[in-house]
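Only one structure is covered here, and it is reproduced in the block below.
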Amino acid sequence: MQECRHVAIIMDGNGRWAKAKGLPRTAGHKAGADNVRTIAIAANDLGVKYLTLYAFSTENWKRSKDEVGYLMKLPAYLFGRYMKEFLQRGYRIRMLGELDVLPPATEKVLRDAEEESKNNTGLSLNICMNYGSQREITLAANAYAKDVAEGKAKLGIDEAGFEQYLMTKDFPPVDLLIRTSGEERISNYLLWQIAYAELEFIPEAWPDFTPDVMKRCIEEYHHRNRRFGGLTNE
Ligand code: IPE
Ligand code: IPE
Ligand code: MG
């Protein structure tokens, strides 16, 4: 059976989930944060080694000040409530995105979670915060150009060389990308890393994405025939 080592999820639909229940959008975000713990456990139980979650995009700054402010406080809620358990379970927390422009308190919570879990070797739980794939690739290109200018790198790197400049340099390529809540677009997520990922767009909103739904997604993945441009693997 083909492995499903790296799953990436676009956790979409928190606002619509809340609206349908007559609740403020923020209630959806809170339920969504609690679901991060549930799905991390489910993914780990299903044999996933890397779980990469889109929490806040470089485009999400366009939302109201109140909503952005709430989203910036969510990491403190998530890690305050569940970090002890994540550590007990051996999860390693990693961040993707430009953290240095976040509110200082938010940045500290995120960097502390990375630091506290850095010796763990279990599930790699990667949170994308102020992440945008075009930004990531642009930063990588700039870093490479700087290395060339300073004589630290040679002109003409290949794909594997370029990957060393990406925020995902420590992770394998994405095997399965899931987007919840019915939208069928990528929204500037992991453009390089999903080059050969299987894509699943599912109707459930993120707070309704249960371990059973996760299991269904992985089963669907196992029915796919990944060819990577070749003809075998039947
Ligand atoms: C995803 O839910 C969470 C973030 C993008 C931060 P949304 O907030 O996008 O929920 P919808 O899409 O408006 O329902
Ligand atoms: C993508 O969801 C970003 C995250 C889930 C963090 P959005 O709700 O921001 O995406 P669009 O705006 O519908 O494309
Ligand atoms: Mg959305």
Side-chain angles (χ1 to χ4, degrees), residues 6-40 42-43 50-79 81-82 93-99 101-103 105-107 109-110 113 125-139 166-168 171 174 176-194 197 199-210 213-214 217:
H6 189 171
V7 175
I9 306 182
I10 302 176
M11 306 185 289
D12 198 15
N14 293 347
R16 279 165 282 171
W17 179 89
K19 196 177 171 211
K21 290 183 148 40
L23 298 169
R25 291 178 58 82
T26 48
H29 294 315
K30 191 170 186 191
D34 287 318
N35 207 32
V36 166
R37 173 213 170 236
T38 306
I39 295 307
Y50 302 85
L51 179 66
T52 304
L53 303 176
Y54 208 2
F56 189 91
S57 76
T58 47
E59 286 71 38
N60 286 146
W61 296 105
K62 292 176 190 162
R63 298 189 180 195
S64 75
K65 203 165 157 266
D66 282 357
E67 183 164 347
V68 169
Y70 188 86
L71 291 167
M72 289 300 146
K73 290 201 185 97
L74 267 186
Y77 169 73
L78 174 72
F79 293 118
R81 192 156 185 198
Y82 302 119
I93 315 293
R94 307 284 287 267
M95 298 298 156
L96 284 81
E98 284 180 282
L99 303 189
V101 295
L102 297 175
T106 308
E107 183 186 358
V109 166
L110 298 173
L125 177 58
N126 313 316
I127 310 283
C128 302
M129 196 74 193
N130 191 27
Y131 174 85
S133 188
Q134 292 183 340
R135 181 74 187 143
E136 176 192 29
I137 293 167
T138 305
L139 286 172
L166 295 175
M167 292 168 181
T168 49
F171 314 136
V174 174
L176 170 61
L177 172 76
I178 302 166
R179 183 172 188 144
T180 61
S181 210
E183 242 62 73
E184 300 190 0
R185 57 176 169 264
I186 302 299
S187 301
N188 201 13
Y189 195 41
L190 301 171
L191 300 175
W192 174 287
Q193 296 85 349
I194 61 168
L199 310 181
E200 295 186 25
F201 299 98
I202 63 162
E204 288 86 351
W206 171 247
D208 287 333
F209 186 88
T210 61
V213 180
M214 178 83 189
C217 289

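Every value quoted in this text rests on a predicted model; they were computed, and no experiment measured them. Just follow the structure's listing: the first ligand is 1, and inside any ligand the first atom is 1.
- By the 4.0 Å heavy-atom criterion, K62 is excluded from the residues contacting ligand 2.
- Below 3.5 Å of separation, one finds an N or O of R63 facing an N or O of ligand 1.
- For R25, a nitrogen or oxygen atom sits less than 3.5 Å from a nitrogen or oxygen atom of ligand 1, counting backbone and side chain alike.
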task: Assess whether side-chain hydrogen bond (donor to acceptor under 3.5 Å, both in side chains) is satisfied between D12 and Y54, documenting all intermediate values.
output: CA-CA 9 Å; D12 198 15; Y54 208 2; over 6 Å; no

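- Scanning the protein heavy atoms around atom 10 (O) of ligand 1, the nearest turns out to be G15 N, 2.9 Å.
- Nearest non-hydrogen protein atom to atom 13 (O) of ligand 2 is R185 NH2, 2.8 Å.
- When the shell of 6.0 Å around CD of E59 is examined, it contains more than 12 heavy atoms from other residues, nucleotides or ligands.
- Remark: distances from the non-hydrogen atoms of G13 to ligand 1 include one below 4.0 Å.
- Which parts of ligand 1 touch H29 is read off a 4.0 Å heavy-atom cut-off, strictly below it: atoms 3 (C), 8 (O).
- Closest heavy-atom contact between M129 and L99: O-CD2, 3.9 Å.
- Side chain of N130 to main chain of E98: a donor-acceptor pair is present (N/O by atom type, distance under 3.5 Å, no hydrogens or angles).
- Around the Mg ion (ligand 3), the protein atoms of type N, O or S found under 2.8 Å away are D12 OD1, listed by chain and number.
- Counting atoms of ligand 2 from 1 in the listed order, those under 4.0 Å from a heavy atom of I10 are 1 (C), 5 (C).
- Here the shortest heavy-atom pairing between N14 and G32 reads OD1-CA, 4.2 Å.
- You'll find the side chain of T38 stays beyond 4.5 Å of the side chain of T210, heavy atoms only.
- At the top of the distance list for atom 6 (C) of ligand 1, counting protein heavy atoms only, stands A55 O, 3.4 Å.
- Under a 4.0 Å criterion applied to the non-hydrogen atoms of F56, ligand 2 contributes the atoms 6 (C).
- Taking 4.5 Å as the limit, some side-chain heavy atom of D34 sits within range of a side-chain heavy atom of R81.
- For the pair W17 and G28, the tightest heavy-atom approach, listed with the atom from each and the gap, is CE3-CA, 3.7 Å.
- In plain terms, the two heavy atoms of I39 and M214 that are nearest each other are CG2-SD, 4.0 Å.
- The proximity of K19 to ligand 1, defined as any non-hydrogen pair under 4.0 Å, does not occur for either the backbone or the side chain.
- Ring geometry, Y77 versus Y82: the interplanar angle exceeds 60°, so the pair is classed perpendicular (tilted spans 30 to 60°).
- The nearest protein atom to atom 2 (O) of ligand 2, hydrogens excluded, is given as R179 NH2, 3.6 Å; this is a heavy-atom distance.
- The atoms of ligand 1 that sit less than 4.0 Å from any heavy atom of N14 are 1 (C), 2 (O), 3 (C), 7 (P), 10 (O), 14 (O).
- Side chain of N188 to backbone of Q134: a donor-acceptor contact under 3.5 angstrom is found.
- You'll find the side chain of L96 reaches within 4.5 Å of the side chain of C128, heavy atoms only.
- I202 places a side-chain heavy atom less than 4.5 Å from the side chain of C217.
- I10 places a side-chain heavy atom less than 4.5 Å from the side chain of L177.
- Inclusion of L71 in the set of residues having an N or O under 3.5 Å from an N or O of ligand 1 is not warranted.
- Protein heavy atom closest to atom 1 (C) of ligand 1, with residue, atom name and distance, is M11 O, 3.0 Å.
- At least one donor-acceptor pair under 3.5 Å links the side chain of N35 to the backbone N or O of W206.
- Contact analysis leaves E183 out of contact with ligand 1, as no non-hydrogen atom separation drops below 4.0 angstrom.
- Of the N or O atoms in S187, one or more lie within a sub-3.5 Å distance of an N or O in ligand 2.
- Taking atom 9 (O) of ligand 2 as the reference point, the nearest protein heavy-atom neighbour is N60 ND2, 2.9 Å.
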